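Step one of this worksheet: look at the structure below.
The structure displayed is predicted, hence computed values, not measured ones. Lettering follows sequence order; numbering is per chain, from 1.
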Amino acid sequence: MSIRSSEIEAKWQERWYAARINEVEKDDRPKFMLIFAYPGVTGYLHVGHMRGFTYVDAIARFKRLEGYNVMFPVGTHATGNGAISLAARIARRDQKTIDYLCGNTCPVDMLESLKDPVRVVEFFNDVYVNQYWKRFGFMCDWRRFTSTVKPDYQKFIQWQFRKLMERGMLIQKPYYAPACVSHGPVAIDASETDIQCGGAAETVEYTLLKFKCGDMYLVAATLRPETVFGQTNFWVNPDADYVKVRVGQETWVVSEDAHFKLTYQLDDIEKISPVKGSELIGLRCLAPMVHREILTLPADFVDPDVGTGLVTSVPSDSPDDWISLRAVQEDDATLDRFGLDKAAVKAIRPVAIIEMKGWSDLPAVEVTERMGITAPGDPKLEEAKKLVYKDGFHTGKMNATAGEYAGLPVMEAKERMKQAMVASGEAAVMYDLSEQVTCRCGERVVVKKVNDQWFIDYANAEATAASKEQAKRMEIFPAEYYQNIHGVLDWFRERACVRQGNWIGTKFPFDEKWIIEAISDSTLYPIYYTISKYANEGSIRAEQMGEEFFDLVILDKGDASKVSASTGIDAELLRKIRDDVHYWYPLDLNLGGKEHLTVHFPAFLMNHVALLPREMWPRGIFVNWWVMGKGGKISKSKGGAQPIPGAAEEYGVDALRLYYAHIASPHADVDWDNEAVEGYTSRTEKMERTLLDLMSLDGEGSEVDGWMVSRMASRVVRVKEMMRTYDLRSMANEVYFEAFNDLRWYQRRGGCHAPTIRRVLDLLLPLMMPITPHTAEELWEASGHNDLLSARLLPELQEGEIDVSKERAEDYLRGMMDDANEILKVTGIRPAKMTLFTAAPWKHEVVSMAVFLHEKGELKVPALTKMVMSNETVRGRGKEASDFARKTAEDMMKRSPAEAKKLVQRFDELSFLRASREFLEKEYGCSIEVHEAGEPGIADPQNKARQAAPWRPAILVE
RNA sequence: GCGGGGGUAGCCAAGCUUGGCCAACGGCGCAGGACUUAAGAUUCUGUCCUUAGUGGUUCAAGGGUUCGAAUCCCUUCCCCCGCACCA
């Protein structure tokens, strides 16, 4: 099978691309432009990535069917260090990397050239285009392919940044970024591309509290500056190494490690002399903010590599402090050793400072008692700390001791107190990493202050407001994101947009030591697809694509002949490019994975809004969720996922496409499951086989033909409706499951009329084309067409093809058969004869009355009974009439009036059932009789006929 | 914490915006029948309980609104994801 399907796939792809139906130019038709957010070039992709890509192709193909001129371009994003680190790993002959490459589709003799990052990008660009996108039959205009490493693309990005600067969207300010001490900037992220370990580390902000002590300051680091009102003493690790350093005019004491880190963050810092921790014990120092003198005491828990290696003690709210304080108070030996004033130490008591719901006023004391912590170093302290900090931060309020801060929530007090202390010179700020991070080169990673960092000002009020406005007008899927994106835009702040270090990317036009980072050069780019073709074919060259070129073709600013004169580009060509840009733009749909929710999509929107005129702002966003591996994300770096070409071979491309479209809502994660995919392989095959079977039929017409055509025509209408919201799952369900069941039913009913079948195929195959294009083309050809289905339009429906009454009649038959099956199941009878009774005419009267009352909202059993009994003919039926009235009323009250109304539609049940007799006899293998209830002379020993109701015949099984 | 998503029958998974055609699409699995020498494929029937086609109890749990709720409101429990320089 797979061999055959691969052949078919190749055959049709060749024909599509040879006929160039994928290549699009501006014309008179309405246009539709859509993209998927281009993937980063980081190595081989896995089957999960094809999900979103496939959605875009299916949508693009459907839009073509609807008559749109559809541009679906693709590109790749190579900015960053992915290719560099991959090349480096190849260069140092890393076996894992080599296995990974060769285990995919990389030929061994390619390895040598892949030591060059540029070749890595080129190599994968080829893999993505040829082994993934073309392999899946995508209807992309390949001539427009672009990549962030291409010089013409980079000219575009530089132009974008010039425009950002013009709009005041670029700002410069200091920034604290992780950096290797020998390499410079590195990225800390879970995939650990730059680093050896510490991918989970976060940058944390410490407040440095300065304790005046003689002519120097002991500098403690804290994450909770709001607790200064509870300070009772100061902790020093007696065994740690400290140093005196000069910071500006002041002398600070911090740990050796802290001094090392601070040299990356303070401009004017100089080491003076080392100090032993033990020398610092027993001193009196002046606590900031509260201006109390407190004593420095020894504590082992103080880690010289965390913060400054000095800690202020707040035993009321810090379990560590409380436990250590108690320990030292009870430890006379230690007190003696350091010559401490025992009475003074033992007199120290915690000071309550924060009120929090569900806690006493000394939460640290409470939590340690509750958890049974008695000694320093207890591993449970970590949890205790978290418990108290979490509740304290979110629910706590400063109590009366906090002076002007009394009554403030901790959350607020924290920030205000920190700022007040910094302003008064009692505190400073220091950044550190929450855990040790080591660079690839083995050196330590620290937080480094960058003085002249550039940011894109996404907090810009005007751009934010305009973006939110635009978001309201856009089609955004899922609906939850439509609601949520406003919040995301509000929360979007300045973003560092350039970086230094060993990175692939575009040089920052205002200062070439900077490289524009990865998120920032992938926001406005969809518009570049309207231009890239000209650079790719060589009509324009990168060096001609300066500011005035883009100003003209994108912003329609300036004069074509002048620009022509200065760039050397033909004026006509310039006008043509400008017209192209304005024809294709705005972008109708940008589809990307959920990872883009708070990163790419808001930046994408804001850049468009900030830089382009309103009529070029984007119109749609579609977010798809992921395909997950068993027990987590399918990981590129960690492997375990099947290579895409292998999966295509094994399951068939159309089956995979159908799998993505149908397995679940696009807005939910899916677990990859071989068996599920196999199910779609067989579904595709079944569909194909069934249609081929039908094509071979050539018999008499019958009453089901009208039904069949009506069904299929209705489905065309429904699919169109579903695709208005890109609801591919419903569409797939309709085409590959519902319509498939129709076809089966048609055959079961003996349908075999060639003209009907031809019409059905003409209606159905176009609906299959977006999701399973290869199979659809193959069947299109088999059914006698010699054009390309992929270049077709949706068929026009003919007058009267949709006939609801025919569909209802078949439903009626199914309903009757369900009832019969139920009876056969319950009774276990093997039928020798079945008699069907349609309802007596007077019952239709009753149903009409019931519907009449229902529509007025007055349907109740007594009301209907009364009305029924006022009718001459019906009244004559006596108890039977009142029973039926009750049953009808009860039954109908469960339905909506609109639904109930269908019951009064007239339908000649008797003739229809009689016409279906032959079919039913075959189905049940017994003779079938059809009568109207009350018809004289019919044997009905069990009096079943009286159960007949309109649209529900009575059944007697014998 | 902030922000977001979710809990549906053996499993996967629709439905929830716009309450009534919902015992709840579809698929998988399972059981039985047909076809077949057999297997597979295909197809039909069934798959909460009960039952001559009826009735009962279900959509995390508990309340409420309504003639009527998986769908609306409130409360509780549980799960997942994002929080930025990482594509």
Side-chain angles (χ1 to χ4, degrees), chain A residues 37-42 77 79-80 82 175 177-178 185 187-191 193-194 199 202-203 390-391 393-395 411 453 455 458 478-481 483-484 487-488 491-499 517-520 522 592-600 603 625-626 636 662-665 667-671 673 675-676 678-680 682-683 685-686 689-690 693 729-730 732-734 736-738 741 744 747-748 811 815-816 818-829 857 859-860 893-900 902-903 923 942 944 947 952-957:
Chain A
Y38 53 15
V41 183
T42 48
H77 185 247
T79 307
Y175 179 63
I188 295 183
D189 68 308
S191 65
T193 46
D194 283 10
E202 291 173 47
T203 304
K390 196 176 139 189
D391 277 7
F393 181 68
H394 298 291
T395 68
M411 235 183 284
Q453 174 70 45
F455 294 80
Y458 289 121
E480 289 78 13
Y481 189 49
Q483 303 295 334
N484 186 230
V488 176
W491 156 91
F492 223 45
R493 309 194 290 274
E494 300 90 352
R495 180 182 190 96
C497 63
V498 295
R499 54 177 300 157
E517 65 81 43
I519 300 303
S520 304
S522 54
K594 65 175 183 181
E595 69 276 22
H596 297 303
L597 284 168
T598 55
V599 183
H600 168 251
W625 266 234
W626 293 336
K636 277 182 273 180
H662 186 260
I663 186 69
S665 155
H667 316 299
D669 287 330
V670 181
D671 286 327
D673 172 2
E675 284 182 25
E678 282 161 16
Y680 286 97
S682 70
R683 171 63 48 173
E685 290 169 3
K686 268 195 239 183
R689 211 169 27 237
T690 302
D693 280 353
R729 191 197 187 257
S730 295
N733 205 55
E734 195 77 9
Y736 299 89
F737 296 89
E738 304 288 347
N741 286 336
R744 282 210 305 227
Q747 282 181 297
R748 191 171 161 194
D811 289 345
M816 180 252 124
D818 285 346
D819 277 349
N821 289 336
E822 180 76 17
I823 294 166
L824 294 177
K825 181 188 120 195
V826 169
T827 60
I829 297 173
L859 181 58
K860 289 274 155 51
M893 281 189 296
K894 292 182 196 158
R895 302 170 187 243
S896 64
E899 192 53 34
K902 291 185 182 168
L903 290 173
E923 285 287 316
Q942 296 171 55
K944 292 291 175 197
Q947 290 184 14
R952 191 155 197 202
I955 301 167
L956 169 65
V957 181

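Note on V488(A): nothing from the nucleic acid sits closer than 4.0 angstrom, heavy atoms only. Looking at heavy-atom distances under 4.0 Å, E595(A) makes contact with a base. T827(A) comes within 4.0 angstrom of a nucleotide base, judged by non-hydrogen atoms across all strands. Residue contacts shown for L597(A) are absent, as no nucleic acid heavy atom lies under 4.0 Å away. Residue Q483(A) is classed as having no contact, given no heavy-atom separation below 4.0 Å to the nucleic acid. Using a 4.0 Å heavy-atom distance criterion, A518(A) is classed as a sugar-phosphate-only contact. At a threshold of 4.0 angstrom between heavy atoms, the contacts of R689(A) are confined to the sugar-phosphate backbone, with no base atom among them. Using a 4.0 Å heavy-atom cutoff across all strands shown, A954(A) reaches at least one base atom of the nucleic acid. No engagement by H667(A) is indicated, since no non-hydrogen atom pair under 4.0 Å with the nucleic acid exists.
Here the separation of G68(B) from G64(B), taken at their C1' atoms, is 15 Å to the nearest Å. Rounded to the nearest Å, the gap between the P atom of A13(B) and that of C80(B) is 15 Å. Across the C1' atoms, C79(B) and A69(B) are found 25 Å apart, a figure rounded to whole Å. The separation of A14(B) from A31(B), taken at their P atoms, amounts to 27 Å, rounded to a whole angstrom. Of the P atoms belonging to C28(B) and G40(B), the separation is 16 Å, rounded to the nearest Å. Going from the P atom of C73(B) to that of G6(B) covers 13 Å, rounded to whole Å. Comparing C11(B) with C59(B), their P atoms are spaced 15 Å from each other, to the whole Å. A24(B) and G29(B): their P atoms are spaced 23 Å apart (whole Å).
One distance of note links CG of D819(A) with CZ of R952(A); it measures 4.0 Å at 0.5 Å rounding. Taken to the nearest 0.5 Å, the CG atom of D693(A) stands 8.0 Å off from the CZ atom of R689(A). How far CH2 of W625(A) is from CG of L597(A): 5.0 Å, rounded to the nearest 0.5 Å.
Ring geometry, Y458(A) versus F492(A): the interplanar angle falls from 30° to 60°, so the pair is classed tilted.
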Go along nucleotides 15-28 of chain B 5' to 3' and tag each nucleotide: B for a protein heavy atom under 4.0 Å from its base, S when only backbone or sugar atoms are that close, - otherwise. -----BB---BSS-

Pair assignment for RNA chain B - dot-bracket with | for other-strand partners, Watson-Crick or G-U under 3.5 Å: ((((((((.[[[..)....(.....]]]((((((.......))))))((.....))...[[[[[..)....]]]]])))))))....

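What you find for T79(A) and A518(A) is that their closest heavy atoms are CG2-CA, 3.7 Å. Here the closest non-hydrogen pair linking C497(A) and S520(A) is CB-OG, 3.3 Å. The shortest heavy-atom contact between N741(A) and R744(A) is OD1-NH2, 3.0 Å. Closest approach of I955(A) to M816(A), counting heavy atoms only: CD1-O, 3.7 Å. Closest approach of A496(A) and Q453(A) over heavy atoms only: CB-NE2, 3.5 Å. Taking every heavy atom of both residues into account, E494(A) and F455(A) meet most closely at CB-CD2, 3.8 Å.
When the P atom of C12(B) is taken as reference, atom CG of D673(A) falls 11 Å away, rounded to whole Å. One can place CG of D671(A) at 12 Å from C1' of A13(B), the figure rounded to the nearest angstrom. Atom-to-atom, CD1 of I829(A) to P of U45(B) comes out at 19 Å; the value is rounded to the nearest Å. Atom CZ in F492(A) sits roughly 12 Å away from atom P in C85(B) (whole-Å rounding). Atom CD in Q747(A) sits roughly 9 Å away from atom P in U43(B) (whole-Å rounding). U45(B) atom P lies 16 Å from atom CD1 of I823(A), rounded to whole Å. Atoms CG (N821(A)) and C1' (U45(B)) sit 7 Å apart, rounded to a whole Å. Rounded to an integer number of Å, the gap from CD of E685(A) to P of G40(B) is 17 Å.
Across the interface with RNA chain B, nearest-nucleotide mapping of K860(A) and T79(A) shows K860(A) to be the residue nearer the 5′ end. In this structure, L956(A) and T690(A) both approach RNA chain B, and ranking their closest nucleotides by distance from the 5' end singles out T690(A).
Here the nucleotide nearest the side chain of E822(A), chosen from U51(B), A52(B), G82(B), is U51(B). Residue V599(A) has its side chain nearest to A87(B) when only A84(B), A87(B), A52(B) are considered. Closest contact between the side chain of A664(A) and the listed nucleotides A87(B), A14(B), A52(B) involves A14(B). Relative to the side chain of R952(A), the nucleotides C44(B), A52(B), G53(B) differ in distance, and G53(B) lies closest.
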Side chain to side chain donor-acceptor pair (under 3.5 Å) evaluation trace for Y680(A) with H662(A): CA-CA 9 Å; Y680(A) 286 97; H662(A) 186 260; 2.7 Å; yes

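Looking only at distances, no side-chain donor or acceptor of E678(A) sits under 3.5 Å from a matching main-chain atom of D673(A).
At least one side-chain nitrogen or oxygen of K825(A) sits closer than 4.0 Å to the OP1 or OP2 atom of U47(B).
One cannot find a donor-acceptor pair under 3.5 Å joining the base of C85(B) and the side-chain atoms of R499(A).
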